[in-house]
Each structure stands twice: as structure tokens, then as C-alpha cells.
2 protein chains.
Amino acid sequence: MAIIVNKEEKRRNIALSCTELLLDKGYSQLRVSEIAKTAGVGKGTVYDYFKNKEDVVFEIIRNLINEHQEDLKVHFKKNRTCKQKVLHLFDFYLCEHKDYSKHLIVYKEFMSVTLTTPAGDMHAFNHECTNFIRETLVDIIEDGIRSGEIREESLNFVDGIMCAERGFMLKGWTENINCRNEFKQYIDALFALIGNK
Amino acid sequence: MAIIVNKEEKRRNIALSCTELLLDKGYSQLRVSEIAKTAGVGKGTVYDYFKNKEDVVFEIIRNLINEHQEDLKVHFKKNRTCKQKVLHLFDFYLCEHKDYSKHLIVYKEFMSVTLTTPAGDMHAFNHECTNFIRETLVDIIEDGIRSGEIREESLNFVDGIMCAERGFMLKGWTENINCRNEFKQYIDALFALIGNK
DNA sequence: AATGAATGACCGACGGTCGGTCATTTGTTT
DNA sequence: AAACAAATGACCGACCGTCGGTCATTCATT
């Protein structure tokens, strides 16, 4: 035959080599010519592995988010209170064991592109991620109810908590601040109500 | 000595004439050449009144949002329960007296552009809008506490409610659904807790 | 009333940028 | 040397924003 490269792996490598570049420039200022240079390939080669620029960025994001979700699974076995688990689940901001600031920026880029794109792969992936988080949250809450830490009605707040976190994230992006404390205060206030006194 | 037009007014007119176009195409598919054609002016003229494409869209959005906030002020005098007021405050989705679906789409475009733009006028405007809503919400909650409808601690939920709404909005955008009911359920659940039995 | 100078409104051809394509070259296997 | 995968950068066209020039109106002067 001829040279056979591992398409999947090369695709991943090209994408990953541009992670910093994306963080630095942001989607709209990211140039395909720079992607190619950074990955050490020609511009045309980029298009042998990706449909378009958006596809490259999507790949970078998928990798980071999947990595984050694996982390979550691993660190979740540690026993904690229900409230601690909830805080940890959403602790994109500053985790004791890892810095997720990159993920936060990349996720912002992802959201901004997703909002400008008609329903497609990005929307579907976002949905998947949200479902993963939601299912995890439901587990946490159900555990908390079972252990008596929180009350039965707490399940009614699953979607509220999910969306509050999303909202705090959005606020952080638009106001260039870190909403970690605000989110914590919100959770404190909520748990004060749903907790079994 | 020459024709003097009302710059401010013409600027507004050009922008407003393109509202439907923006709703139809979305920011990224909006072409300056089409803006010009729709407004019935030459492309160069657009740039006599606006810094760039983003500026045009910003003007459209400012007008719609200001209009919405005026509406809010007017319709707020009707006496209602605290909970009804809260629902009304966030009822971008489907208001009994007006259809805000356009505003929702336009606000989505606004957010997506804001996320791709470094801090500037758009961020500042967004901040202003949020503050307006927040102050209104604080008034509502304080009224509710005063009237005995809800408990003292309810004030702790101001930011949570704000962000939950933002989050529901974001969810609606990314999943192409209307989150009105979900938001209502969230408010129901919350008021069941913060209400005086 | 007629003239023309001054000025601002208006315009579209053009330059530059950048995403995406494709004809060609390079290198490997058989 | 044939056959084919991989790599590439010159090229294309879409689109943004600029700029030099035109046109319409107003006003000063006659």
C-alpha cells in the first residue's frame, strides 16, 4: 500500500497542539494558518483531518471536557457530605486537586460557537455533557436523601441547581469575574432550606 | 450650508429596519451588504453611522431590550403576589400581553457576540441590564418579606434566582426548547420553601 | 432671482484578510 | 514502475471595512 497513518490519532494530536493557541486567541481570532503552523503541518492537511475550523475547536473542547468528566468520576469515590459533592461537581472554578481555569475558558469559546451554530453536533455534545452532570447530580441528591442529610423535596431542585450553575458561569464570562463564592453562597442558602435541620 | 440629518435618528432607523433580518440570519450569517440593502442605503453609508457590523447589531439589541424594560416598568404597577411578580419579571418566554420571542432570539445573538468580544460596551450594557433586573428583583423580594408572603432569608436567593433564569435561558438556546415551564417549576419549588407556610 | 461656493450625506469600487479547495508533489509499498 | 496514500501551498471567492469622489442642499453675494 502506501504510508498509513492513524487518522484518529493524528486528528487528536493536531487539535491538542493548538489548545494553548485557542486559549490565547479565542475562536474568532484563531486562524487556520496558525493552526497549521502550530501543528507543524500544511494548511491543506488540516482539512484532511477536519471538516472546518469549527471542527478543530470542537475536537479540542471534546478532549478537555471528557478529561474533566473522567476526573470527576475518579475523585467522586472519596466520601464526602452531599453538599460537598455538589460543590465539587460544579467546581470548574478552582479545584483543590487541579486547575480548571483553562476548561472554563475553552467552554466559553464552545458556548459562543454553539450559540451561533444551528443545531448539530455541538448542540448534541453539549446535551450529552449536561445529561452526564445531571445524572450525577441526581445520584448525589438521592444519596443525600437516603442518608437523611437533605429532605425529600430536594429532588425538585435538580434543574434549578443545574441552571443556576450555568447562569453563574455565564455571569463570570460576561463580567470577567470568578463566581465561585457566589455559587457557594447560593448552595449554602439552598442547603440551609433543604437540609434536615 | 448643507443637508443636516438627525444622526441619532437615522442610526436608529437603519438598525431597526434590520431587526427581522437579524432574527432571520443570525449574527454570523448577517451580511453588511444586506444590511445596507434592507435599510435602503449604500454600504458606505452604514459605516457613516456605525463603527462596524457588531455596532449595528448592538444598536438593534439595545433598542429591543430598552423597550422591554420600559414595558416591565409599566406593567409592574398592577398588584400581584410576590411570586407572580417574579415570574413576570423573567417572563421573556411568553407574556400574556406581548410576545417576547424575538427579544429572546436577539438576546441570544447578543450573548454570543458578547462572549467573543473582549470587555467593552457590550459587556457594560449587559451589566447595566442585569443590574436593572436585579434591583427590581430585590424590590420585589423586600416587598414580599414586608407583606409577610415570604420569609426573611429569601433575600439570600436573589443571585441564585438571577442566575437560574440566565441558566434556563442558556439551556433553551442550546437545546432549542422553551424553558418556561421548567423555570416556573423551579420558582414553585423555591417559593414552597421560602414562603411562610 | 440667479449664481456659485461650501458642506455634509451618500455611495460603491477596491484592498486586504482569511476560510476552504484542489492540482501537484512526495514517499512508500508491491 | 505502477499504484496509491499523504501532504501541501498556490489559489479562489466571500466578505469586511475604507476612501476618493459625487450629489443635493443651503446660504452668501450680487
Side-chain angles (χ1 to χ4, degrees), chain A residues 1-18 21-22 24-61 109-110 112-118 120-122, chain B residues 1-18 21-22 24-61 109-110 112-118 120-122:
Chain A
M1 287 296 174
I3 325 160
I4 303 291
V5 304
N6 183 334
K7 288 259 183 190
E8 203 49 53
E9 191 184 325
K10 182 145 189 176
R11 186 182 149 94
R12 244 181 72 96
N13 287 339
I14 293 177
L16 286 183
S17 69
C18 295
L21 192 64
L22 173 63
D24 199 39
K25 303 291 180 101
Y27 181 80
S28 67
Q29 294 304 308
L30 187 65
R31 303 293 167 234
V32 176
S33 55
E34 289 210 65
I35 289 173
K37 204 191 296 174
T38 305
V41 299
K43 187 146 80 96
T45 308
V46 172
Y47 286 91
D48 286 339
Y49 292 88
F50 299 91
K51 207 157 74 354
N52 49 31
K53 188 176 106 170
E54 183 187 303
D55 196 22
V56 179
V57 172
F58 190 19
E59 181 71 25
I60 296 174
I61 278 146
E109 296 299 330
F110 175 60
S112 73
V113 179
T114 303
L115 288 180
T116 60
T117 308
D121 290 348
M122 302 188 100
Chain B
M1 282 293 249
I3 323 160
I4 302 293
V5 305
N6 183 335
K7 287 258 184 190
E8 204 49 51
E9 190 183 325
K10 180 141 193 179
R11 188 182 146 93
R12 245 180 72 93
N13 286 340
I14 293 177
L16 286 182
S17 70
C18 295
L21 192 64
L22 174 62
D24 198 40
K25 304 291 179 103
Y27 181 79
S28 67
Q29 294 304 308
L30 188 65
R31 304 293 168 233
V32 177
S33 56
E34 288 211 64
I35 290 173
K37 203 191 297 174
T38 304
V41 299
K43 188 147 80 91
T45 307
V46 173
Y47 286 91
D48 285 340
Y49 292 89
F50 300 91
K51 206 157 73 359
N52 49 31
K53 190 174 100 170
E54 182 188 304
D55 198 21
V56 179
V57 172
F58 189 21
E59 181 71 24
I60 296 174
I61 277 144
E109 296 300 329
F110 175 59
S112 72
V113 179
T114 303
L115 289 181
T116 60
T117 307
D121 290 348
M122 302 187 101

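All of these numbers come straight from a predicted model, not from anything done at the bench. The analysis underlying the following values was restricted to heavy atoms, covering all of them including side chains, and did not include hydrogens, waters or symmetry mates. Naming: A, B, ... by sequence-line order, numbering from 1 per chain.
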Using a 4.0 Å heavy-atom cut-off across all strands, classify [X] as base, sugar-phosphate, or nothing.
{"X": "Asn52(A)", "answer": "sugar-phosphate"}
{"X": "Leu30(A)", "answer": "sugar-phosphate"}
{"X": "Tyr49(A)", "answer": "sugar-phosphate"}
{"X": "Gly42(B)", "answer": "sugar-phosphate"}
{"X": "Lys10(B)", "answer": "sugar-phosphate"}
{"X": "Val46(B)", "answer": "nothing"}

Provide, to the nearest angstrom, the distance between the [atom1] atom belonging to [X] and the [atom2] atom belonging to [N].
{"X": "Ile14(B)", "N": "dC10(C)", "atom1": "CD1", "atom2": "P", "value": "8 Å"}
{"X": "Asp55(B)", "N": "dG17(D)", "atom1": "CG", "atom2": "P", "value": "10 Å"}
{"X": "Ile35(A)", "N": "dG9(D)", "atom1": "CD1", "atom2": "P", "value": "16 Å"}
{"X": "Glu34(B)", "N": "dC16(D)", "atom1": "CD", "atom2": "P", "value": "10 Å"}
{"X": "Arg11(A)", "N": "dA7(D)", "atom1": "CZ", "atom2": "C1'", "value": "18 Å"}
{"X": "Asp48(B)", "N": "dC23(D)", "atom1": "CG", "atom2": "P", "value": "17 Å"}
{"X": "Phe50(A)", "N": "dT21(C)", "atom1": "CZ", "atom2": "C1'", "value": "17 Å"}
{"X": "Tyr47(B)", "N": "dG17(D)", "atom1": "OH", "atom2": "C1'", "value": "5 Å"}

Does CZ in Arg12(B) sit with more than 12 non-hydrogen atoms of other residues, nucleotides or ligands closer than 6.0 Å?
->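 No.
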By nearest-heavy-atom nucleotide on DNA chain C, the more 5' of Val41(B) and Gly44(A) is Val41(B)
Closest non-hydrogen atoms of Leu21(A) and Ile35(A), given as atom of the first, atom of the second and distance, are CD2-N, 4.1 Å
Cationic tip of Lys53(A) above Tyr47(A) ring, under 6.0 Å, 45° of axis = no
Donor/acceptor link under 3.5 angstrom from Lys53(A) side chain onto base of dG20(C) =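 When only heavy-atom distances are counted, Lys53(A) does not reach the base of dG20(C) through any donor-acceptor pair under 3.5 Å.
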Give a yes or no answer on whether the side chain of Thr45(A) reaches the backbone of Val41(A) with a donor-acceptor pair at less than 3.5 Å.
-> no
Any Arg31(A) side-chain nitrogen or oxygen under 4.0 Å from OP1 or OP2 of dT17(C) = no
Check whether any side-chain nitrogen or oxygen of Thr45(A) sits under 4.0 Å from OP1 or OP2 of dT8(D), and answer yes or no.
->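 Checking Thr45(A) against dT8(D): at least one side-chain N or O falls below 4.0 Å of OP1 or OP2.
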Between Gly40(A) and Ser28(B), who's closer to the 5' end of DNA chain D by nearest nucleotide?
->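 Nearer the 5' end of the strand: Gly40(A).
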State, with a plain yes or no, whether a side-chain heavy atom of Phe58(B) is found less than 4.5 Å away from one of Asp121(B).
->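 Of all side-chain heavy-atom pairs linking Asp121(B) with Phe58(B), at least one is under 4.5 Å.
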Among dC15(D), dG20(C), dG12(C), which nucleotide sits nearest the side chain of Lys43(B)?
->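 So the nucleotide nearest the side chain must be dG12(C).
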